[in-house]
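Working notes, structure below.
Note that this is a predicted model, so its numbers are computed, not measured.
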Amino acid sequence: MLSAFGNAFRSPDLRKKIGFTLFILAIFRLGSTIPAPNVNLKRIDECRTLAASGDAAGLYSMINLFSGGALLQLSIFALGIMPYITSSIILQLLTVVIPRLETLKKEGGQGQQKITQYTRYLTLVLAVLQATAFVTMARNGQLFQGCDGVMYDTSIFPIVVMVLTMTAGTSIIMWLGELITERGVGNGMSVMIFTQIAAQFPASLWAIKQARQGANAWFVFGLVVAVGLLVMAAVIFMEQAQRRIPVQYAKRMVGKRVFGGTTTYIPLKVNQAGVIPVIFASSMLYLPVLYALFQPDSKAAQWIQTHFSGTGQGHQPLYNLVFFFLIIFFAYFYVSITFDPVEISDNMKKYGGFIPGIRAGKPTEDYLGFVLTRLTAPGALYLALISLIPTIAFVALGANGNFPFGGTSILIIVGVALDTVKQVESQLQQRNYEGFLK
């Protein structure tokens, strides 16, 4: 495997792609540390310290995770990649219900390019809305609860400049991601998410060590790393697991040539939905907390703060129970709209394909739906359990919600790493080198 990495750097073309990717990521991380105009850095550091000690930033944990901590620094890249992720998910869902988008999706390259353009426009709209919301919260002292004074000037013009700066930062992030996709290694947006999440790993691990005082601090730290490696191995196993449904294509004559007669398979992954159900569930649980944030004096808001604030999650069983079942629900929901047994059955029938032992047409649709439903059950349960690992760590280790080997972070890191390694390996094999896995 080490020799394969050496071969990757010996190839001039691949070496340039890796170097270009690292250069863009360095710019990305630099922009995540540069504050937006009108931000009081000294006060921001004080408020972040208070938020970390009290876990007051739990409401924004998902967005702060994808921004690599840039959100709570109010940097020019404070919104991170989250507006683009949200717009991509929205367009993907709208493709199912809007015939025009569904037609564009089936047109191939040109249609996909048009959908990408719509995604960019929607990303800018969401960036303006999110930037306005977070700047307003920072101005009113709600971004860091009980901590104000993070801006030098709270008049309208500096606020507008901050919103425009963060929106422009989101546009630059989109451009950097497309540069990595075109001239670098792997999917640019995924690699940038990977970078932002991995950047917080050292601080999260060190926070676990600092939470334990005394002689057993290093023992707990080593135990956490060992458990984390086991969790990572389990995630890799589940992400690679798939059910292969065999498909046989009948022979057919076209002119004087014979086509078909081959055997292939349909790969159905155990985790067909990826990390999307976790993002959906987290977003849904933010809605009642946002309501409580703007209506703090109502009885409903007080009940929500007690049971659904997302802070101190180890002591909120109702929050964790709802989160668990929402992930399972959205796993089934997302798989049902992204995998269409009817379309696959029609395509197989059109090209003379059939599943051995299953008749073409409606029986094939029913069989694919039955297999997918049973296969989604362990995948959804796996996603829900992995997402609750930080809560277990909070109770067992006092990790203060910063346990890195679980939840959305580990799912994204493993998924993106596997995808990037596969792309590099395919380029190595094109140059007659051995891949990473012999």
Side-chain angles (χ1 to χ4, degrees), residues 17 20-21 23-32 34 36 62-68 70-71 74-135 160-197 274-276 279-280 282-283 334 337-338 412 415-416 419-420 423:
K17 289 185 176 182
F20 180 79
T21 301
F23 174 71
I24 294 297
L25 293 179
I27 296 176
F28 183 42
R29 286 300 302 162
L30 179 63
S32 299
I34 299 176
M62 180 68 69
I63 301 177
N64 194 49
L65 173 71
F66 286 159
S67 68
L71 171 63
L74 292 178
S75 69
I76 59 175
F77 288 170
L79 301 180
I81 209 77
M82 196 64 180
Y84 184 84
I85 295 175
T86 307
S87 62
S88 299
I89 294 174
I90 291 174
L91 262 296
Q92 195 169 10
L93 295 176
L94 291 179
T95 302
V96 182
V97 297
I98 299 179
R100 169 61 178 165
L101 293 178
E102 187 176 4
T103 304
L104 287 175
K105 183 179 179 181
K106 294 180 179 180
E107 287 181 359
Q110 289 186 342
Q112 189 60 44
Q113 188 175 4
K114 199 69 176 178
I115 293 178
T116 303
Q117 187 177 2
Y118 293 154
T119 304
R120 293 171 184 163
Y121 294 151
L122 183 58
T123 298
L124 293 179
V125 173
L126 293 177
V128 171
L129 295 176
Q130 290 186 10
T132 303
F134 288 122
V135 171
V160 172
V161 171
M162 290 182 67
V163 171
L164 293 179
T165 301
M166 292 182 182
T167 304
T170 300
S171 303
I172 295 174
I173 289 174
M174 281 195 298
W175 177 59
L176 294 177
E178 291 175 0
L179 285 178
I180 294 178
T181 303
E182 295 174 3
R183 301 172 55 185
V185 178
N187 184 290
M189 297 299 177
S190 300
V191 172
M192 294 172 79
I193 295 174
F194 175 92
T195 304
Q196 295 293 68
I197 296 176
V275 74
I276 301 299
I279 298 176
F280 276 11
S282 300
S283 301
Y334 188 75
I337 66 174
T338 55
I412 293 176
V416 175
D419 182 63
T420 304
Q423 293 199 35

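- In this structure the side chain of Glu178 never reaches within 4.5 angstrom of the side chain of Arg183, judged on heavy atoms.
- The shortest distance between side-chain heavy atoms of Leu91 and Leu122 falls below 4.5 Å.
- For Glu182 and Lys17, the salt-bridge test fails: no basic side-chain N is under 4.0 Å from an acidic carboxylate O.
- Note that CD1 of Ile24 is 15.0 Å distant from CZ of Arg29, once rounded to the nearest 0.5 Å.
- Side-chain contact between Gln92 and Tyr334 is present, with heavy atoms from C-beta onward closer than 4.5 Å.
- In this structure, Ser171 and Leu124 have side chains that are in contact, with non-hydrogen atoms separated by less than 4.5 Å.
- You'll find the side chain of Ile34 stays beyond 4.5 Å of the side chain of Phe77, heavy atoms only.
- Of the possible donor and acceptor atoms, none in the side chain of Thr95 sits under 3.5 Å from a partner among the backbone N and O of Leu101.
- Side chains of Gln196 and Ser32: a donor on one and an acceptor on the other come within 3.5 Å.
- Inter-residue side-chain proximity for Leu25 and Ile180 is flagged as met; some heavy-atom pair is nearer than 4.5 Å.
- By the 4.5 Å heavy-atom criterion applied to side chains, Thr170 and Tyr84 are not counted as neighbours.
- Here the CD1 atom belonging to Ile27 is positioned 9.0 Å from the CG atom belonging to Leu179, to the nearest 0.5 angstrom.
- Remark: Gln110 CD is loosely packed, at most 12 non-hydrogen atoms of other residues, nucleotides or ligands lying under 6.0 Å away.
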Practice item. For the pair Ile81 and Met189, evaluate side-chain contact (heavy atoms from CB on, under 4.5 Å) and give the outcome as yes or no after the intermediate values. Key: CA-CA 7 Å; Ile81 209 77; Met189 297 299 177; 3.3 Å; yes
Practice item. Mind running side-chain contact (heavy atoms from CB on, under 4.5 Å) on Leu94 and Tyr118 for me, showing each step along the way? Key: CA-CA 11 Å; Leu94 291 179; Tyr118 293 154; over 6 Å; no
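- Interatomic distance, OG1 of Thr21 versus CG of Leu176, reported as 11.5 Å (0.5 Å rounding).
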Practice item. Please lay out, stage by stage, how Ile197 and Val416 fare under the test side-chain contact (heavy atoms from CB on, under 4.5 Å). Key: CA-CA 11 Å; Ile197 296 176; Val416 175; over 6 Å; no
